[in-house]
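Both backbone and side-chain heavy atoms feed into the values below; hydrogens, waters and symmetry mates do not. None of the values given here were measured: they were computed from a predicted structure. Throughout, a chain's letter reflects where its sequence line sits, starting with A, and its residues are numbered from 1.
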Amino acid sequence: MGDDEGRPSRLAQLVAERRAKLTALRARGVEPYPVEAGVTDGLSAVAAAFAERLAPGEGSGQDVAVGGRLVARRGHGRLAFLVLREADAELQVMARLDRLGPAGMEQAAELDTGDWVAARGEVVRSRRGELSVDAAEVRLIGKALHPLPDKWRGLRDVETRFRRREVDLAVNPEARRVFAMRDRAVAALRAELRDRGYTEVETPMLQPVPGGAAARPFVTHHNALGIDLYLRIAPELYLKRVVAGGLPRVYELNRSFRNEGLSPRHNPEFTMLESYEAYADYHDVMDLTRALVQRAAREAAGTTTLTHAGREVDLAGHWPRRRLLDLVRQVTGHDDLSYETPPGELATLCRDRGAVVRDGWGAGKLILQLYETLVEPTLWQPTFVVDYPLEVSPLARRHRDDPHVTERFELVVAGRELANAFSELTDPDDQRARFEAQARARAAGDDEAMVVDEDYLRAMEFGMPPMGGLGLGVDRLVMLLADVHSIRDVILFPTLRPEAGDPGDPG
RNA sequence: GGGCCGUUAGCUCAACGGGUAGAGCUCCGGACUUUUAAUCCGGCGGAGCGGGUUCGAGUCCUGCACGGCCUACCA
């Protein structure tokens, strides 16, 4: 495109100019992609070490060797200022003819923004007070063939930001902020679990029977074994087998995969924290969940009082625990609703209130539907919604006082589910009956219903301790903490359709 | 999957009732030894792809591609 009549596009011209420089360098025996950089000092370390030192115009007498991406250049004839950036740190390099000589100055002048550059020299403060390296040597260590986006306004186009995250990270501080926050949040979750004596484990992502959640899986194929395998939709069943094996506290923080539609809140691969603790019940897990989220907030955002979508979210203190049925009774004004209310009556109520209904749904599913439609979006401050209907909770233990519900909770913050947890079902006969009910639903056309997992049932038959389990959506937690509203902003390389055109052409 | 909206130079943005598109950054050439969105002078570069209507389409209609938002399923 734009390439007809032999007239190169602007981009092609820019790339050609940079390629010409690269060719000229090689002709002079200079390698534009050397194996070693000679960088011994980090930009941020140098900036920090001299932050409070040196008066304008003063030299330190100390040499450093730094590296970074050239993000700005200000030439003054016999003097040039080069700005190097490494992550969020920037440092100015002064290239002076006096110091570098004609050949060195020429090399510095040939650099383009975007190039990776190493500079060695004395740390000084410029006359205008900017910390600088008075370069004795400036060296190209990685030539950029493509121009950087606008140095002031960065890269705005959302599609390009996701497709070329390297450019987004290079020029948009906001992108770096979000992923730095993600790192701190994940580290905080691991630290809290470690402090509580949890063991981090890794269980199969390739599973012969996809279990642990209600979702459609991705299917793949193993050539040597000649079998289909599924990318896991949850690690749950394997983790519970590890607890059955005698590790009392385990967790896994890693990817799961669900073959569902994409949205600002759903990516086909997403990161979930799942933890299981022997001798704990769902009340204990609520305490754990609150500790995890509060610690992640403190260590990633620096506070438990967040702003999200322009509204305050206060994660401090204790969080209310509300029974799901009570919330539905309250929002509908029907105080007599129960899991024994005839499904036909509930279906009518659903339709009246704009909730989607399908044939064959029982009271539990219908009440859940009312909750999800009418209540969940309105819960802004952190709330534990407890005691979910039995029929929609095939892996959760029956409630000790109420046969219609399970000891299950979801944590809702900012109108969204952040975690899902329960007192785990440990009775193999009950589990078999639940699987069979799921299998019947599956046979009736529910392709998200679970299948009977005999390996898992046999593991249960060896005996499981009572345990509490947790699933926490890590991407959504980061969205909450970072105050971003698309899951694609917290996943480095979100799933996108391939670009049109030759897929082998690197743009 | 369905609905609505978007796509102008490498990047960030304009303009106009349908009449042949303009700026900043980047880049190239020149000046400049203390700038920091450096400055000054000169220069290169453009309508996602394909049809249609029209004397004439970036602008109107339409098909496709990709994206965004809403919706459906889920975390």
**Message:** Tell me which nucleotide, if any, is Watson-Crick or G-U wobble paired with B:G6 when both distances must be under 3.5 Å.
**Reply:** B:C66
**Asked** Is there a Watson-Crick or G-U wobble partner for B:G1 with both distances under 3.5 Å, and if so, which one is it?
**Response** B:U71
**Request:** Specify the residue among A:Leu418 and A:Arg96 whose closest nucleotide of RNA chain B lies further upstream toward the 5′ end.
**Result:** A:Arg96
**Item:** A:Arg161/A:Glu174 ion pair, N-O < 4.0 Å
**Value:** no
**Request:** If a pair satisfies side chain to side chain donor-acceptor pair (under 3.5 Å) and one of its residues is in residues 379-389 of chain A, list it, with sequence neighbours excluded.
**Result:** A:Tyr282-A:Asp387, A:Tyr388-A:Glu410
**Request:** Examine the base of B:G24 for any acceptor or donor lying under 3.5 Å from a partner atom in the side chain of A:Asp150, and report the outcome as yes or no.
**Result:** yes
**Asked** What about A:Asp98: does its side chain form a donor-acceptor pair under 3.5 Å with the base of B:U33?
**Response** yes
**Message:** Pairing check on B:C60: which nucleotide meets the Watson-Crick or G-U wobble criteria with it, both distances under 3.5 Å?
**Reply:** B:G52
**Message:** Can you tell me whether the side chain of A:Arg10 and the base of B:C44 have a donor-acceptor pair closer than 3.5 Å?
**Reply:** yes
**Asked** B:G24 pairs with which nucleotide, Watson-Crick or G-U wobble, both distances below 3.5 Å?
**Response** B:C11
**Prompt:** For A:His308, which residues count as a ring pair (Phe, Tyr, Trp, His ring centres under 6.0 Å) partner, sequence neighbours excluded?
**Reply:** A:His485
**Asked** Counting any heavy atom closer than 4.0 Å, what does A:Asn259 reach on the DNA or RNA strands: base, sugar-phosphate only, or nothing?
**Response** nothing
**Message:** On the nucleotide B:A38, are OP1 or OP2 found under 4.0 Å from the side-chain N or O atoms that A:Arg74 carries?
**Reply:** yes
